[in-house]
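All ligand and atom numbering here is 1-based and tracks the order in the structure.
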Amino acid sequence: MKVARYTAYGPPATIEFIEAPIPSPGPGEVLVKVCAAPVTAGDARLRSGKVPRGLGIMLRLGIGLRRPRVSPGWAFSGEIAGLGARVTSFAPGQRVFGLTGFKGGAHAEYLTAPAEGRVLPLPETLSIEEGAAFFFGGLTAAEFLIDRAGLTAGERVLVAGATGAVGGAAVQIARHLGAEVVATASPENHALALGLGAGSVTDYRDPLPAGPFDVIVDVMGRLGWKTSAPHLAPGGRLVLITATLSQMLGAALRPRRGTHRVLTGTNKDSRAAMERLVTLHQAGGYRPFVGPILPFADLARAHERAESFHKPGNIVVVM
Ligand SMILES: NC(=O)c1ccc[n+]([C@@H]2O[C@H](COP(=O)([O-])OP(=O)(O)OC[C@H]3O[C@@H](n4cnc5c(N)ncnc54)[C@H](OP(=O)(O)O)[C@@H]3O)[C@@H](O)[C@H]2O)c1
């Protein structure tokens, strides 16, 4: 089978393909024939080593000093191609989707995964490409809006950068929770932002739309506390999806600023969080927007697009 590999921190050309034997599922594992996988902002950051200021050394201590010692690809959709001993919860040919976690390995034609872990049946209501795109932005938006910001119906939310993987999910989930959603996006994506459920949209290069907002979701971390604070309502929460080390430390040491709160961090990718997102989808609250779809052989081109941070929705490669 064809498997992608990172050879160094660097541009997309540092990705290479190798041939490897198809793995055998161990006891309690399934073998998945991967049909599609997303190429996310996270994939681009791991490959390039380019992370928000201050986090580079932590990344390299975590995954490798000279090259990323993780395998490319964090999420997948596909079908069950084999069952290990004692697996009764899946059937051969069944459509599934899931996460490999931090160790990666989804940018491959096959993978094995624990049957009771982060692999779930793919609902009939999602295509294979939507299944691949489902988790990255959706898990992030759901955790920050529901668990951390505690968004409630009737609140006003600004999603700054509303049409990528995270922003697109945040718009939909906030709207589903009964919030009024105001968006910013580049002009070519205004129709997309409105289609995802924003009530209004302006260019993110213009002054911020009129507040106050109960929650500001700063997707690219371009607003920060100083710009956002005057636009927060009493009790307002600033969600920094992208944050530098100093912003993270600041939020950890001083999360409360008057009546306001600053929220940063990374999201969880547990099976329970995945199942909650499926429930949200089934309730009509979330469907990932799939943008460019490329063949697996064009993985490097997909990475180029992902690291622009200007993609509409999610990029997916198909195997
Ligand atoms: N904290 C976490 O756990 C977590 C989880 C997932 C992702 N992230 C981070 O979140 C960020 C977004 O990820 P993503 O997958 O959503 O990326 P993406 O799909 O590339 O989307 C980026 C979005 O930001 C917008 N944007 C670009 N420049 C902007 C600016 N100057 N001001 C406002 N908006 C701007 C883009 O709009 P246009 O296309 O219209 O230009 C696009 O909507 C990345 O930095 C990623 O590393 C963090």
| request: Anything under 30° is parallel, anything over 60° is perpendicular, the rest tilted; go ahead and classify Phe134 against Tyr286. | output: tilted
| message | Less than 4.0 Å is my threshold; does some heavy atom of Gly313 fall inside it relative to ligand 1? | response | yes
| query | What distance do Leu46 atom CG and Leu59 atom CG have between them, rounded to the nearest 0.5 Å? | reply | 6.0 Å
| With a 4.0 Å cut-off, would you call Glu79 and Arg95 a salt bridge? | no
| query | Does Lys33 pair with Glu109 as a salt bridge, N-O distance under 4.0 Å? | reply | no
| said: Within the structure, is a non-hydrogen atom of Ile241 found at a distance of less than 4.0 Å from ligand 1? | reply: yes
| field | ILVMFWY cluster, Val181 and Phe289 together (side-chain gap under 4.5 Å) | value | yes
| field | Lys2 and Glu19 ion-paired at < 4.0 Å | value | no
| task | Using a 4.0 Å heavy-atom cut-off, say whether Asn189 meets ligand 1 through its side chain, its backbone, both or neither. | result | side chain
| query | Taking the six-membered ring of Tyr9, is NZ or CZ of Arg60 closer than 6.0 Å to its centre and within 45° of its axis? | reply | yes
| Considering distance alone, does some N or O of Thr266 sit under 3.5 Å from an N or O of ligand 1? | no
| field | Ion pair Arg305/Asp298, N-O distance below 4.0 Å | value | no
| What are the atoms of ligand 1, with element, lying closer than 4.0 Å to any heavy atom of Val219? | 10 (O), 11 (C), 12 (C)
| Any N/O pair Arg222/ligand 1 closer than 3.5 Å | yes
| said: So, regarding Ala185 and ligand 1 (criterion: nitrogen or oxygen to nitrogen or oxygen, under 3.5 Å), is there a contact or not? | reply: no
| request: Could you grab the distance from atom CZ of Phe296 to atom CG of Leu294, nearest 0.5 Å is fine? | output: 12.5 Å
| task | Report yes if some N/O of Phe136 lies less than 3.5 Å from some N/O of ligand 1; otherwise report no. | result | no
| Side chain or backbone of Arg45 under 4.0 Å from ligand 1, or both, or neither, by non-hydrogen atoms? | side chain
| Quick one: does ligand 1 sit under 4.0 Å from the side chain of Met220, the backbone, both or neither, non-hydrogen atoms only? | side chain
| note | Quick look: Thr242 vs ligand 1, heavy-atom contacts under 4.0 Å, and the answer is side chain
| field | Thr163 contact mode with ligand 1 (heavy-atom cut-off under 4.0 Å) | value | both
| task | Output, in order, the C-alpha distance, side-chain angles, deciding distance and verdict of salt bridge (charged side-chain N to carboxylate O under 4.0 Å, His left out) for Arg237 and Asp214. | result | CA-CA 6 Å; Arg237 291 82 84 201; Asp214 299 294; 5.0 Å; no
| query | Can you list the ligand 1 atoms lying under 4.0 Å from a non-hydrogen atom of Gly265? | reply | 1 (N), 2 (C), 3 (O)
| Within-cut-off N or O pair, Thr184 and ligand 1, under 3.5 Å | no
| message | Looking only at distances, can you tell me whether any N or O atom of Gly164, backbone or side chain, sits closer than 3.5 Å to an N or O atom of ligand 1? | response | yes
| remark: Within 4.0 Å of some non-hydrogen atom of Ser186, the atoms of ligand 1 are 38 (P), 40 (O), 41 (O)
